[in-house]
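Here it is, the structure in full.
Numbers here are sequence positions counted from 1.
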Amino acid sequence: MGLAATQVRLLQLTSRQHRIEYQAQRIQAQKLQLSNESDQVYNEYMTALDAKKVQYKFVENDGSISYYDATFNNMLSGYNPGLFQGTYALEILNGENSGKFFATETIINAYNNNQNWGNITDDAIKALFPDTEIDDNNRAEYQQKVAARNFAKEASNNSTDVNAITYYENLFSVFVDGNGLVLMNEEYADSSEWLTNMLANGEVLLHKWDTSAGDDGEGDWTQVTVSNDTMLQEISDDKELKKAEATYEAETTRINRKDAQYDTLLSQTETERNAIKTEMDSLKQVRNDNIEKAFKCFS
């Protein structure tokens, strides 16, 4: 091969070598991206392993114990005797609504209609508490009690169920101590995940009516957590875990298959790169020999 032809071939091989090296760099970058994807899939799976959900305890009619996923609607939306056996309230801890309580529209309307009890007359008090003597020392207390009863009737749609009335009267008292009510978003009202996350992240606080609390031992509101309330428990979310396992296995299979394809491409590019290098070394030797012969002719 002549000197000119040798040089042309070397230029062709050099160009091809650069393309091969660029291709190898792209494949390495794609393998790195796969590695990042693998880490993300693993982290998501580990998060699912740690996923919990809050459940509340319910005593069935036959005395057996059942646990149900806790949501706002089945624990905190109002008196639901078929769903739970306790009075809870959910206080917002952060943001512009800090100190307020989540509530349904019905409860909010009933509270707004009865939160100002200063205009309740002594006659109205006596109608509800006929054996009570009203004076300046106890008037405000009994005005609030009348307001609580009116709230209970309105919130329960004029129910005659004594338990329902008691439930709403107790609920009224914790609202009085708060900063107001906020309408619960129906998008999250039936979500156990939302309630669990809000409790876990410290965004809300559970209040519970304790029938034996208070200075008089007749009941009062206390702050509770999932860990210290005997009616609540936190367990692994098996449904989400199964979904995460299926996703993890599918994604891992896809990533491994793609990684194997990249390894094959890298092997092919390395083989071609070595072949090019070998041919280039041979051509360089031929070129150098030709140059040396040419110089000898003129020496």
- [ ] Flag yes if L90 and L205 sit in one hydrophobic cluster, no otherwise; membership is Ile, Leu, Val, Met, Phe, Trp, Tyr, and two members link when side-chain heavy atoms are under 4.5 Å apart.
- [x]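 As far as the 4.5 Å side-chain criterion goes, L205 and L90 are not connected within one cluster.
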Open item on the list: Please tell me whether Y68 and W194 are part of a single hydrophobic cluster in this structure, the criterion being side-chain heavy atoms less than 4.5 Å apart.
Closed with: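 Yes.
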TODO: Report yes or no: does N74 contribute a side-chain atom to a donor-acceptor pair with the main-chain N or O of A70 at less than 3.5 Å?
DONE: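 No, N74 side chain to A70 backbone: no donor-acceptor pair under 3.5 Å.
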Open item on the list: Quick check: do N80 and S77 have side-chain heavy atoms less than 4.5 Å from each other?
Closed with: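 With C-beta onward as the side chain, the pair touches.
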Task: Polar side chain donor-acceptor pair, S173 to N170, under 3.5 angstrom - done: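 Per modelled atom types, S173 and N170 side chains form no pair under 3.5 Å.
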Open item on the list: Quick check on D62: does its CG atom have over 12 non-hydrogen neighbours (other residues, nucleotides or ligands) under 6.0 Å away?
Closed with: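 More than 12 heavy atoms, drawn from other residues, nucleotides or ligands, come within 6.0 Å of this atom.
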Task: Ring centres under 6.0 angstrom apart (F72, Y188) - done: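 Not close enough - the centres of the two rings lie 6.0 Å or further apart.
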Task: Y79 side chain reached by N163 side chain, heavy atoms, under 4.5 Å - done: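 Result yes, sub-4.5 Å side-chain heavy-atom pair found.
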Open item on the list: Side chains of L232 and K57, heavy atoms from C-beta outward: is any pair under 4.5 Å?
Closed with: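 No, their side chains stay 4.5 Å or more apart.
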Task: Smallest separation among heavy atoms of Y168 and S156, with atom names - done: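 Closest heavy-atom pair between Y168 and S156: CE1-CB, 3.6 Å.
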Task: N/O donor-acceptor pair under 3.5 Å between N112 side chain and N109 backbone - done: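 Checking the backbone N and O of N109 against the side chain of N112, no donor-acceptor pair under 3.5 Å is found.
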Open item on the list: Take a 6.0 Å sphere around NZ of K153 and say whether it holds more than 12 heavy atoms from other residues, nucleotides or ligands.
Closed with: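 Counting neighbours around NZ of K153, 12 or fewer heavy atoms of other residues, nucleotides or ligands fall under 6.0 Å, so no.
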Task: Shortest non-hydrogen contact from S159 toward D161 - done: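 Minimum heavy-atom contact is OG-N, 3.0 Å.
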Open item on the list: Minimum heavy-atom separation for H207 and W221, please, with both atom names.
Closed with: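 So the two residues come closest at O-CZ3, 3.5 Å.
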- [ ] For A147 and N114, work out which heavy atoms get closest and say how close.
- [x]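 Smallest heavy-atom distance, with atoms named: CB-O, 3.5 Å.
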TODO: Would you check if L34 and Y262 make a side-chain contact, meaning some heavy-atom pair closer than 4.5 Å?
DONE: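 The answer is yes, as the side chains (C-beta and beyond) meet within the 4.5 Å cut-off.
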TODO: Could you pull out all residues at least two apart from Y67 that satisfy ring pair (Phe, Tyr, Trp, His ring centres under 6.0 Å)?
DONE: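 Y67: no ring pair (Phe, Tyr, Trp, His ring centres under 6.0 Å) contacts found.
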Task: Common cluster, I125/V176, ILVMFWY with side-chain heavy-atom separation under 4.5 Å - done: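 Yes, same cluster.
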Open item on the list: Between F175 and L183, is there shared hydrophobic-cluster membership here, with clusters defined by ILVMFWY side-chain heavy atoms closer than 4.5 Å?
Closed with: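 Result: yes, single cluster for both.
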Open item on the list: Does E105 have more than 12 heavy atoms from other residues, nucleotides or ligands lying within 6.0 Å of its CD?
Closed with: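 Check fails, neighbour count at 12 or below.
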- [ ] May I ask whether L128 and I165 are part of the same hydrophobic cluster, defined by side-chain heavy atoms of I, L, V, M, F, W, Y residues being less than 4.5 angstrom apart, directly or through others?
- [x]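 Unlinked, L128 and I165 end up in two clusters.
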- [ ] Would you indicate whether the side-chain heavy atoms of V146 and N150 approach each other to under 4.5 Å?
- [x]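 Contact flag for N150/V146 side chains = yes.
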Open item on the list: Within a 6.0 Å radius of atom NZ on K100, are there more than 12 heavy atoms belonging to other residues, nucleotides or ligands?
Closed with: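 Count over threshold, so yes.
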- [ ] Might you point out which heavy atoms bring K31 and D259 nearest each other, and give the distance in Å?
- [x]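 Distance-wise, the nearest heavy atoms are NZ-OD1, 2.6 Å.
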Open item on the list: Using modelled atom types and a 3.5 Å cut-off, is there a donor and acceptor pairing between side-chain atoms of D135 and backbone atoms of E133?
Closed with: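 Side chain of D135 to backbone of E133, a donor-acceptor pair under 3.5 Å: no, none is there.
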Task: Heavy-atom side-chain proximity of R254 to E37 below 4.5 angstrom - done: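 Touching, per the 4.5 Å side-chain cut-off.
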Task: Flag, side chain of N138 to backbone of I134, donor-acceptor distance under 3.5 Å - done: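 Checking the backbone N and O of I134 against the side chain of N138, no donor-acceptor pair under 3.5 Å is found.
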TODO: Return yes if some donor-acceptor pair links the side-chain N/O of T196 with the main-chain N/O of V54 below 3.5 Å, else return no.
DONE: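 At least one qualifying donor-acceptor pair exists.
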Task: Intermediate values then yes/no, side-chain hydrogen bond (donor to acceptor under 3.5 Å, both in side chains), Y56 and D229 - done: CA-CA 9 Å; Y56 65 89; D229 187 351; over 6 Å; no
Open item on the list: If we ignore hydrogens and angles and just use 3.5 Å, is the side chain of S98 paired with the main-chain N or O of G95 as donor and acceptor?
Closed with: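 Answer holds: no.
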Task: Option passing side-chain contact (heavy atoms from CB on, under 4.5 Å) with S192 (candidates Q55, K53, M75) - done: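 So, applying the side-chain contact (heavy atoms from CB on, under 4.5 Å) to S192 and each of Q55, K53, M75, only K53 qualifies.
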Open item on the list: How close do S191 and T71 get, counting heavy atoms only, and between which atoms?
Closed with: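 The pair with the smallest heavy-atom distance is C-CG2, 3.9 Å.
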- [ ] Return the set of residues passing ring pair (Phe, Tyr, Trp, His ring centres under 6.0 Å) with F151 (not counting sequence neighbours), or none when no residue passes.
- [x]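 For F151, the residues satisfying ring pair (Phe, Tyr, Trp, His ring centres under 6.0 Å) (neighbours in sequence not counted) are F172.
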Task: Donor-acceptor pair, side chain of N197 and main chain of E193, under 3.5 angstrom - done: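 Answer holds: yes.
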- [ ] Flag yes if more than 12 heavy atoms outside R26 fall under 6.0 Å of its CZ atom; otherwise flag no.
- [x]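 It does not: R26 CZ has 12 such atoms or fewer within range.
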Task: Pair D123 + K126: basic N to acidic O under 4.0 Å - done: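 K126 and D123: not salt-bridged.
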Task: NZ/NE/NH1/NH2 to OD/OE distance under 4.0 Å, E169 and K145 - done: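 The answer is no: the pair does not qualify as a salt bridge.
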- [ ] State, with a plain yes or no, whether a side-chain heavy atom of L206 is found less than 4.5 Å away from one of T225.
- [x]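 No, too far: nothing below the 4.5 Å cut-off.
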Task: Side-chain heavy atoms of F102 within contact of V204, under 4.5 Å - done: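 Yes; the side chains approach each other to less than 4.5 Å.
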